[in-house]
Chemist: 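One structure, as structure tokens, below. Some questions next.
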Amino acid sequence: MHKCSIWWCCNAVIHPLLKKTSLDPSLHSSFRPISKLPFISKILEKVVAKQLTAALDEHNIYDSFQSGFRRAHSTETALLRVSNDLLTHSDAGDCSVLVLLDLTAAFDTVDHHLLLERLRDWVGLSGSALEWFSSYLSERSFSVAVSKFRSSTTSAVIHPLLKKPSLDPSLHSSFRPISKLPFISKILEKVVAKQLTAALDEHNIYDSFQSGFRRAHSTETALLRVSNDLLTHSDAGDCSVLVLLDLTAAFDTVDHHLLLERLRDWVGLSGSALEWFSSYLSERSFSVAVSKFRSSTTSLTHGVPQGSVLGPLLFLLYLLPLQHILSSFKGISYHLYADDIQLYISGTLLS
């Protein structure tokens, strides 16, 4: 058995592949996960598998009625054995009842602790060999790799929802647009958002005075910071002027070309990562659904996708240059909560 106390090739990359073009891309069950492991891991596994298989054959450890993943066994051998038994009993005048069982997500629900117990108690592994398998099973992780965001997952359906029953339903301003995106797009976005957020935190790229859509930040942290500054200047006898700005349709007016420039120049993305975001933003469309009726599809060339996981995060990155613009004005302080901007300046009044 190959000795190795640390398994360092355990990160898999999952490529979701649509099983059939006729299937609904909004359902995750329509996709087949294609897992790719590092090349060196496959080499090491082949060496171990060869030795393990030889030991299982030598000591006759295999279940004699198991035809899966064994040399000289197949679905045919399983079918022949079962068919032969049933026909034999039928010839003898017996009746048979056949029950077919298929375990749901069987390979994905294997308990590592129990598997190690099987290797120890049933196979007889111990010492460095058992330690290798323990290392092989531990600290495994995966990521989803899609160099191009599929156009079938970029189409949103807008459901208009009346904000209040008392509002006039003849005015479009009385409705709140609820955007629904395909399920698979949410899964992919969550994986990307988790990795992007970790990079932003690690390299301290966030605007330090931005409280929107950030962990451990909220409207309260924004209010406390602004209130504290104003009260401090008030205690010092200064007067303050506070200007509150709210950008109109801020999320819907984001320029995709400028956003990609922010990701490249301010965040440092390049290559396939930047290409992925370019694909994510392009070829977007939406339609409006009311009751049983649905409008034709319209292209969406501006704005971050409503109802998306990445949308709020991308908007924060779009505003990154604002911190340098506002900081260049001496004496002016600011704080942001997404698109809500608080500008304030304090000083002593001239008599």
Side-chain angles (χ1 to χ4, degrees), residues 1-17 19 28-29 31-82 84-85 99-147 187-188 190-199 201-203 272-273:
M1 183 70 68
H2 178 76
K3 293 184 179 181
C4 179
S5 59
I6 300 176
W7 182 259
W8 49 272
C9 307
C10 53
N11 185 49
V13 179
I14 308 296
H15 295 260
L17 182 67
K19 296 176 183 177
H28 74 277
S29 57
F31 290 83
R32 177 180 292 107
I34 305 300
S35 178
K36 293 186 177 181
L37 286 163
F39 177 76
I40 188 64
S41 72
K42 296 291 189 72
I43 299 298
L44 291 174
E45 285 186 61
K46 281 188 176 182
V47 174
V48 175
K50 186 177 181 180
Q51 297 182 42
L52 181 60
T53 302
L56 295 174
D57 285 331
E58 181 182 354
H59 300 286
N60 196 28
I61 297 174
Y62 280 117
D63 183 342
S64 56
F65 297 127
Q66 172 61 266
S67 293
F69 311 114
R70 294 179 62 188
R71 188 180 302 155
H73 291 73
S74 64
T75 52
E76 291 181 2
T77 58
L79 182 62
L80 285 172
R81 191 255 173 177
V82 174
N84 181 69
D85 285 355
V99 180
L100 302 176
L101 303 178
D102 185 9
L103 302 180
T104 304
F107 287 78
D108 299 328
T109 55
V110 171
D111 185 284
H112 291 177
H113 179 71
L114 292 177
L115 176 55
L116 290 172
E117 285 187 356
R118 303 283 192 274
L119 292 171
R120 182 192 65 204
D121 301 334
W122 293 72
V123 180
L125 296 186
S126 62
S128 60
L130 189 62
E131 181 186 345
W132 186 92
F133 278 99
S134 176
S135 177
Y136 171 78
L137 293 171
S138 65
E139 298 182 12
R140 287 198 163 265
S141 61
F142 75 94
S143 60
V144 179
V146 184
S147 60
I187 299 297
L188 293 173
K190 280 188 176 182
V191 175
V192 174
K194 185 177 180 181
Q195 297 182 35
L196 181 59
T197 301
D201 286 330
E202 181 181 353
H203 300 286
S272 60

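No hydrogens, no waters, no symmetry mates; every other heavy atom, side chains included, goes into these values.
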Chemist: Quick one: closest heavy-atom pair of Leu130 and Leu116, and the distance?
Modeler: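 Scanning both residues, the minimum pair turns out to be CD1-O, 3.8 Å.
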Chemist: What are the two closest non-hydrogen atoms of Arg71 and His73, and how far apart are they?
Modeler: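 Scanning both residues completely, I find the closest heavy atoms to be O-ND1, 2.9 Å.
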Chemist: Got a second to check how far Leu119's CG is from Leu52's CG, nearest 0.5 Å?
Modeler: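 Atom-to-atom, Leu119:CG and Leu52:CG are 7.5 Å apart.
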Chemist: Looking at every heavy atom in both Pro16 and Leu188, which two are closest together, and how far apart are they?
Modeler: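 Looks like CG-CD2, 4.1 Å.
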Chemist: Let me confirm one number: the CZ-OG distance from Arg70 to Ser64, rounded to the nearest 0.5 Å.
Modeler: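 Result: 7.5 Å between the selected atoms.
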Chemist: Using 0.5 Å steps for rounding, measure from the CG atom of Leu103 to the CG atom of Asp108.
Modeler: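 It comes to 12.0 Å.
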Chemist: How long is the straight-line distance from NZ of Lys190 back to CD of Gln195, given to the nearest 0.5 Å?
Modeler: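 Interatomic distance, Gln195 CD to Lys190 NZ, rounded to 0.5 Å: 15.0 Å.
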Chemist: Does Trp132 offer a backbone N or O that forms a donor-acceptor pair with the side chain of Ser135 under 3.5 Å?
Modeler: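 No.
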Chemist: Treating Thr197 as the side-chain partner and Lys194 as the backbone partner, does any N or O pair qualify as donor plus acceptor under 3.5 Å?
Modeler: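 Such a contact is absent between Thr197 side chain and Lys194 backbone.
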Chemist: Walk me through it: do Val123 and Phe133 pass the test side-chain contact (heavy atoms from CB on, under 4.5 Å)?
Modeler: CA-CA 12 Å; Val123 180; Phe133 278 99; over 6 Å; no
Chemist: To the nearest 0.5 Å, how far apart are CD in Gln66 and OG1 in Thr77?
Modeler: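 Reported value, rounded in 0.5 Å steps: 9.5 Å.
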Chemist: Looking at Lys19, I want to see if its NZ is surrounded by more than 12 non-hydrogen atoms of other residues, nucleotides or ligands under 6.0 Å.
Modeler: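 For Lys19, atom NZ is crowded (more than 12 foreign heavy atoms under 6.0 Å).
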Chemist: For residues Leu114 and Asp111, report the shortest heavy-atom separation together with the two atoms involved.
Modeler: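 Where Leu114 meets Asp111 most closely, the heavy atoms are N-OD1, 2.9 Å.
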